[in-house]
Enquirer: 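Sharing a structure here in structure tokens format.
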Amino acid sequence: MINGAIYDWEDVKIVLPSGEAVGLTEVNYEDGRDVEMRYGKGAVPRGVGRKNYEASGNCTLDSDEFQRLQLVMGGSVYNTPVPIIVSYGGALKETITDVLPLCWITKAATSAKQGEANVRQIKLDFKIAKPILWNGVPAYTEAGNLIDTIVDVIT
């Protein structure tokens, strides 16, 4: 909730290379950077070792939306990374925009079963090769570039 406004699915706008996705029924993304406790003598950590930044996600597209994406990408969804832009906002609500800059699609899956009204939805898994911009703020920056990044975000 931001300023009393609660976001719902109607407030979500997702843009793929094929344009605004109207046949996208779910999107999930996350990032993180794990640390490993470094031990020596005794039971208390002496320090930490930082691991790599990682980001990934998935989305579910209706069949026609997937076909539009394939067409724009030249047939295969695996050959080129794509940006995905997710905006949350609506009337009288602050717009929040997250950018998933370089999404490499790693898997496409579908299924169909009796009784379903929307068969052949395609679930795409992807890895994100650059830090997510959480409402314009990079999730991770190299320590040496932190000041430059802060200045870029502010200006």
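Nothing fancy with the numbering, it's 1 onward along the sequence.
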Enquirer: Check whether any side-chain heavy atom of Y7 lies under 4.5 Å from a side-chain heavy atom of E94, and answer yes or no.
Expert: yes
Enquirer: Roughly how far, to the nearest 0.5 Å, is CG of N58 from CG of L124?
Expert: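 With rounding to 0.5 Å, CG (L124) is 8.5 Å from CG (N58).
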Enquirer: When clusters are formed by joining ILVMFWY residues with side-chain heavy atoms under 4.5 Å apart, either directly or through shared neighbours, do V119 and F66 land in the same one?
Expert: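 As far as the 4.5 Å side-chain criterion goes, F66 and V119 are not connected within one cluster.
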Enquirer: Can you sort out the partners of F126 under ring pair (Phe, Tyr, Trp, His ring centres under 6.0 Å), two or more places apart, ordered by chain and number?
Expert: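 With sequence neighbours excluded, F126 shows a ring pair (Phe, Tyr, Trp, His ring centres under 6.0 Å) to no residue whatsoever.
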Enquirer: What are the two closest non-hydrogen atoms of A108 and Y78, and how far apart are they?
Expert: N-OH, 3.3 Å
Enquirer: Rounded at 0.5 Å granularity, tell me how far OG in S18 sits from CG in L71.
Expert: 9.0 Å
Enquirer: Are more than 12 heavy atoms from other residues, nucleotides or ligands located less than 6.0 Å from atom CG of N52?
Expert: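 Open: at most 12 neighbouring heavy atoms sit under 6.0 Å from CG of N52.
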Enquirer: Within the structure provided, determine whether I14 and I84 are in side-chain contact (heavy-atom separation under 4.5 Å).
Expert: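 Side chain of I14 against side chain of I84, heavy atoms only: contact under 4.5 Å found.
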Enquirer: What are the two closest heavy atoms between P101 and I132, and how far apart are they?
Expert: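 Looking at all heavy atoms of both residues, the shortest contact is CD-CA, 4.2 Å.
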Enquirer: Supply the atom-to-atom distance D125 CG to T106 OG1, rounded to the nearest 0.5 angstrom.
Expert: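 Here the interatomic distance stands at 5.0 Å.
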Enquirer: Quick one: CE on M37 to CZ on R46, what's the gap to the nearest 0.5 Å?
Expert: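 Going from CE on M37 over to CZ on R46, the span is 14.0 Å.
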Enquirer: With distance as the sole criterion, is a donor-acceptor pair present between the side chains of T25 and Q121 under 3.5 Å?
Expert: yes
Enquirer: Could you tell me whether W134 and Y29 have their ring centroids closer than 6.0 angstrom?
Expert: yes
Enquirer: Checking L16 against L61 for the side chain to side chain contact (heavy atoms under 4.5 Å, CB included) test, could you report, in this order, the C-alpha distance in whole Å, the side-chain angles of both residues, the deciding distance, and whether it holds?
Expert: CA-CA 11 Å; L16 301 171; L61 304 169; 4.1 Å; yes
Enquirer: Over all heavy atoms of both residues, which pair between M73 and V77 is shortest? Give the atoms and the distance, please.
Expert: CE-O, 3.5 Å
Enquirer: Under a 3.5 Å distance rule, please check whether D62 uses its side chain to pair with a backbone N or O of D64 as donor and acceptor.
Expert: no
Enquirer: Work out which heavy atom in G49 is nearest to a heavy atom in R38; give both atom names and the distance.
Expert: N-CG, 3.5 Å
Enquirer: Does the side chain of Y140 reach to within under 4.5 Å of the side chain of E142, using non-hydrogen atoms?
Expert: yes
Enquirer: With a 4.5 Å limit on heavy-atom distance, are the side chains of T60 and L24 in contact?
Expert: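 Sidechains of L24 and T60: no contact.
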Enquirer: Can you see which heavy atom on P83 is nearest to which on P17, and at what distance?
Expert: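 Answer, listing the atom of P83 first, then P17: O-CD, 3.7 Å.
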Enquirer: Atom CG of D11 and atom CD1 of I6: how far apart are they, to the nearest 0.5 Å?
Expert: 10.5 Å
Enquirer: Between T95 and K93, is there a side-chain heavy-atom distance shorter than 4.5 Å?
Expert: no
Enquirer: Could you state the interatomic distance from CG (L69) to CD (E65), rounded to the nearest 0.5 Å?
Expert: 8.0 Å
Enquirer: Assess, by modelled atom type and distance only, whether the side chains of E30 and N28 contain a donor and an acceptor separated by less than 3.5 Å.
Expert: no
Enquirer: Can you confirm whether E116 is buried at CD, in the sense that more than 12 heavy atoms of other residues, nucleotides or ligands lie under 6.0 Å from that atom?
Expert: yes
Enquirer: Decide whether D31 and Y53 meet the rule of one side-chain donor and one side-chain acceptor closer than 3.5 Å.
Expert: yes
Enquirer: Check whether N135 reaches the backbone of D98 with its side chain - one donor and one acceptor, N or O, closer than 3.5 Å.
Expert: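 Absent.
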Enquirer: If you measure from the Lys or Arg side-chain nitrogens to the Asp or Glu carboxylate oxygens, is any gap between K51 and E36 under 4.0 Å?
Expert: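 Yes, charged N to carboxylate O under 4.0 Å.
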Enquirer: If you group Ile, Leu, Val, Met, Phe, Trp and Tyr by side-chain heavy-atom gaps below 4.5 Å, do V12 and L100 land in one group?
Expert: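 In one cluster: yes.
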Enquirer: Measuring only between side-chain heavy atoms, which start at C-beta, is T110 closer than 4.5 Å to K123?
Expert: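 Counting from C-beta outward, T110 and K123 never come under 4.5 Å.
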Enquirer: Does any non-hydrogen side-chain atom of E54 lie less than 4.5 Å from one of R33?
Expert: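 No - every pair of side-chain heavy atoms lies 4.5 Å or more apart.
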Enquirer: For residues I128 and C103, report the shortest heavy-atom separation together with the two atoms involved.
Expert: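 Result for this residue pair: CG1-SG, 4.0 Å.
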